[in-house]
Amino acid sequence: MKVAALALFGDAGRTGDVYRELLSRCGPHAVDLFKQCQDGAHAAGARITDPHRFVDAVETMAQKVRRPEVAA
């Protein structure tokens, strides 16, 4: 969450604003997608049924975060 806050706001302390900002920039599925990414970073991993679709969705979200004018 701290890395996401730093990327989104330039302030690692704004973790409480991350989900709201992802929702605003990337749409209703962004928070779930972000949580899946977080889960995948842990030993238990994430349950991803369609890895190709998952990677495409993460790529789209990353582009919207990098360039907010692309946000839907």
Side-chain angles (χ1 to χ4, degrees):
M1 290 294 278
K2 289 181 180 182
V3 172
L6 183 61
L8 291 167
F9 311 113
D11 180 355
R14 290 186 61 188
T15 58
D17 297 326
V18 168
Y19 291 155
R20 182 176 39 253
E21 186 69 14
L22 286 174
L23 181 63
S24 172
R25 288 191 192 192
C26 305
H29 300 291
V31 172
D32 290 334
L33 185 61
F34 181 75
K35 287 179 181 180
Q36 283 183 300
C37 290
Q38 288 178 302
D39 290 345
H42 298 286
R47 294 183 195 219
I48 299 168
T49 56
D50 186 346
H52 292 287
R53 185 173 176 203
F54 176 77
V55 169
D56 288 344
V58 170
E59 179 182 17
T60 299
M61 184 171 70
Q63 291 300 324
K64 289 177 181 179
V65 167
R66 286 186 193 133
R67 296 180 303 160
E69 68 275 6
V70 176

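Asp32 contributes atom CG, which lies 10.0 Å from atom CG of Leu23 (distance to the nearest 0.5 angstrom). Rounding to the nearest 0.5 angstrom, the gap separating the CZ atom in Phe34 from the CE atom in Met1 is 5.5 Å.
Under the side-chain contact (heavy atoms from CB on, under 4.5 Å) criterion, Val58 pairs with Leu33, Cys37, Phe54, not counting sequence neighbours. For Asp17, the salt bridge (Lys or Arg N to Asp or Glu O under 4.0 Å) criterion is met by Arg14, Arg20, not counting sequence neighbours. Not counting sequence neighbours, Arg53 has no partner by the salt bridge (Lys or Arg N to Asp or Glu O under 4.0 Å) test. Every residue two or more places apart in sequence or in another chain that forms a side-chain contact (heavy atoms from CB on, under 4.5 Å) with Ala12 is listed here: Lys2, Leu6.
Taking both residues in full, the closest heavy atoms of Val18 and Ala4 are given as CG1-CB, 3.9 Å, listed atom of the first, atom of the second, then distance. Taking every heavy atom of both residues into account, Gln36 and Ile48 meet most closely at NE2-CG1, 4.3 Å.
Counting heavy atoms from C-beta on, the side chains of His29 and Met61 never come closer than 4.5 Å.
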